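For ligands, and for the atoms within them, numbers begin at 1 and follow the listed sequence. All residue numbers refer to positions in the sequence shown, counting from 1. Every heavy atom of this structure was used, including side-chain atoms; hydrogens, water molecules and symmetry mates were not. This is a predicted model, so every value here is computed, not measured.
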Amino acid sequence: MIIKKTRDEIDRMARAGAVVARAHEALIEALRPGMTTLDLDRIAEQVIRREGAVPSFKGYRGFPATLCTSKNHEIVHGIPSAEVVLDEGDVVSIDCGAIVEGFHGDSATTLVVGGIEAADPAVQRLVRETRNALWRGIEQVQAGHRLGDVGSAIEAVAIEHGFGVVREYVGHGIGRALHEDPSVPNYGRAGKGLKLTKGWVIAIEPMFNLGTEQTRTLDDAWTVVTADGQVSAHWEHTIALTPDGPWVLTARSDEPARPLEVTATAW
Ligand code: MG
Ligand code: MG
């Protein structure tokens, strides 16, 4: 069942989204070679608690941390650890959620340690184009459009660049629960699927791999990795469909919260 949100609820979700954005901004600012993924987790939890919010993931189905931190060939759900050191050129996807006034915000970003130029050109392209695909999907969040429009816009970017599109893990509705209906796949056929209507709030989260789309899960029962060991990237935002079009509730200060007001080529 899809739970539509009222304007007041979307305003509350925007406050949750803003906390998540602040956490990502702090992590981007702090990231240095030699840090561990546990260092990142502590920074994020501090920001979230300081804002009077609660981490969404900690305790979710037993997950032990504030962030999911997934390095290089890890796709999603990596567990922050003092043992996982981030060296120059490593790719780390950071997924963060926070609860404010009972509502969740959820957003992921993929960073290269030492700056994007520290990665191989192919990896740079993967990171940039996965982000681009997220925004191509966000542009489709309009009343009367269908979930297949979102998925096909995202998938088209992967096809253009020959990336594997992860299929087992997809976007989702979000609200009082971290994961609500509907599922929001990163693939699909334009014009097919459920029709988007005002009041929907969804998390769109493309995961693209340099190689195969196939995944496997490590023995910790959380960390999902690429089956061929090649690098993966993951970007995510929480988006409300308002009467004025999509509102990116987790937009950072360097991103447009109202993407249809910027030119389509901005991303
Ligand atoms: Mg997430
Ligand atoms: Mg999510």
Side-chain angles (χ1 to χ4, degrees), residues 2-3 5 13-14 16-28 37 40-41 43-45 47-48 53-71 74-80 91-100 103-111 127 130-131 133-135 137-138 141 147 150-151 154 165-187 200-208 215 217 222-225 232-241 246-252 255:
I2 296 169
I3 304 166
K5 278 73 184 178
M13 294 193 73
V19 171
V20 175
R22 296 299 86 78
H24 278 298
E25 288 163 359
L27 293 167
I28 291 165
T37 52
L40 298 179
D41 195 72
I43 292 167
E45 182 163 5
V47 172
I48 291 169
V54 175
S56 295
F57 303 165
K58 206 166 198 176
Y60 181 84
R61 297 185 182 167
F63 190 79
T66 291
L67 299 177
C68 295
T69 52
S70 306
K71 176 179 156 181
E74 297 171 356
I75 302 169
V76 278
H77 304 162
I79 301 172
V91 175
V92 61
S93 93
I94 300 169
D95 198 346
C96 182
I99 310 168
V100 173
F103 287 89
H104 293 265
D106 186 11
S107 174
T109 185
T110 295
L111 303 175
V127 172
T130 310
R131 184 182 203 183
L134 167 60
W135 287 91
I138 290 170
V141 180
L147 280 176
V150 176
I154 293 168
V165 180
V166 173
R167 300 178 87 85
E168 290 106 317
Y169 302 91
V170 296
H172 50 91
I174 179 169
R176 287 188 183 277
L178 180 59
H179 296 117
E180 297 183 353
D181 288 338
S183 285
V184 182
N186 299 305
Y187 50 86
W200 277 31
V201 185
I202 56 175
I204 298 178
E205 50 180 316
M207 296 160 222
F208 289 174
T215 72
T217 304
W222 280 106
T223 313
V224 179
V225 301
S232 183
H234 176 208
W235 288 85
E236 177 181 29
H237 272 309
T238 297
I239 304 109
L241 179 45
W247 179 10
V248 184
L249 303 177
T250 45
R252 302 195 311 246
E255 295 175 315

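- The heavy-atom pair separating Ile202 from Pro182 by the smallest distance is CG2-CD, 4.3 Å.
- Inspection of the Thr109 and His24 side chains reveals no N or O donor paired with an N or O acceptor under 3.5 Å.
- Rounding to the nearest 10°, we obtain 90° for the angle at the Mg ion (ligand 2) between Glu205 OE2 and Glu236 OE2.
- If you check the side chains of His104 and Tyr60, you find no donor sitting under 3.5 Å from an acceptor.
- By the 4.0 Å N-to-carboxylate-O rule, Arg22 lies close enough to Glu25 to be salt-bridged with it.
- Distance check for His172 against the Mg ion (ligand 2): an N/O/S atom falls below 2.8 Å.
- The Mg ion (ligand 1) sits nearest to atom OD1 when only the N, O or S atoms of Asp95 are considered.
- Residue contact annotation: Asp106 places an N/O/S atom under 2.8 Å from the Mg ion (ligand 1).
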